Structures are given as C-alpha cells and as structure tokens.
Amino acid sequence: QWSSENEEAGGEGSAVQSLALTPVALARRRKEVLVNCLHLERLGLLVSRAASTLTALLARTHFMPFSLALLTILARLRLLFAQHLSNDVQRYNSLSGAAQQQQQQQ
C-alpha cells in the first residue's frame, strides 16, 4: 500500500515529491489520511471508555488479575493508536505541502 511505499522510500516528504501525484490524486490521498485520523480518534475514545470500565473492576479483588492484564493491553493499544495518528498527521502535512507546491508552480 501507499504507506509502506513511503516508509521504504525514506520518509513521507521525499516519497510524495517523487510520486508526482496529480492534484486529484493528491486530494484523494489527503481525504484518505483524514478519514484514517478520524477512525484512530474514535478507536482512542473506545479504548479510554474500556479502560475506565476496567478501572472500576480493579476495585473488586476477584477481577484484579483480569483487569490488570486488559489495562496493560489497552495501554499498549492507546500508544499504538497515538503513534499511528501522529504518523497520519505528518503524512497529511506532507501531502498538503506537496499540494501547495503544485499550486504555486501552476
């Protein structure tokens, strides 16, 4: 996919410039990145809700091992989502920069 091509090419900025995307393709990519960011934000909210529910279960000693294990998993998921969201924001910024450069050249 596109994201793995960018990472192999040595970063988002250089990959976007070397692809020489048309304005329509560039707009489509920007929209895809924005949709991906929206989904990651929603997943982050779901993880937060699940973590608060599991925190309530921690108060009950019977569910403590289960709750601790799931809270650990949720913490790792939250960090993973935050990293992907950060990568998508950087990708969107590089696409926006490429779109501005194309507009200035025309």
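Remember, it's a predicted structure, so these values are computed and weren't measured experimentally. Residue numbers count from 1 along this sequence.
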CD-CG distance between Gln90 and Leu85, expressed to the nearest 0.5 angstrom
10.5 Å
In terms of hydrophobic clustering (I, L, V, M, F, W, Y; side-chain heavy atoms under 4.5 Å; direct or indirect links), are Leu38 and Leu45 co-clustered?
no
Identify whether Leu26 and Leu34 are in the same connected component of the hydrophobic contact network (ILVMFWY, side-chain heavy atoms under 4.5 Å).
yes
For Asn87, run the side chain to side chain donor-acceptor pair (under 3.5 Å) check against Gln83, His84, Arg91 and tell me which one passes.
Gln83
Should Leu68 and Leu77 be counted in the same cluster of Ile, Leu, Val, Met, Phe, Trp and Tyr side chains packed under 4.5 Å apart?
yes
Same hydrophobic cluster for Met64 and Leu74, using side-chain heavy-atom links shorter than 4.5 Å among ILVMFWY?
yes
Closest non-hydrogen atom pair, Ala51 against Leu71:
O-CD2, 3.7 Å
Between Ser96 (side chain) and Tyr92 (backbone), is there a donor-acceptor pair under 3.5 Å?
yes
Could you check whether Glu32 and Asn36, counting side-chain N and O atoms only, form a donor-acceptor pair closer than 3.5 Å?
no
Take Arg49 and Thr53 through the side-chain contact (heavy atoms from CB on, under 4.5 Å) test and state the conclusion after the steps.
CA-CA 6 Å; Arg49 287 181 193 161; Thr53 302; 5.6 Å; no
Note: Asp88 and Cys37 closest approach over all heavy atoms is CB-SG, 3.5 Å
So, for Leu57 and Ser67, which heavy atoms are closest and what is the spacing to 0.1 Å?
CB-OG, 3.2 Å
Does Arg30 have more than 12 heavy atoms from other residues, nucleotides or ligands lying within 6.0 Å of its CZ?
yes
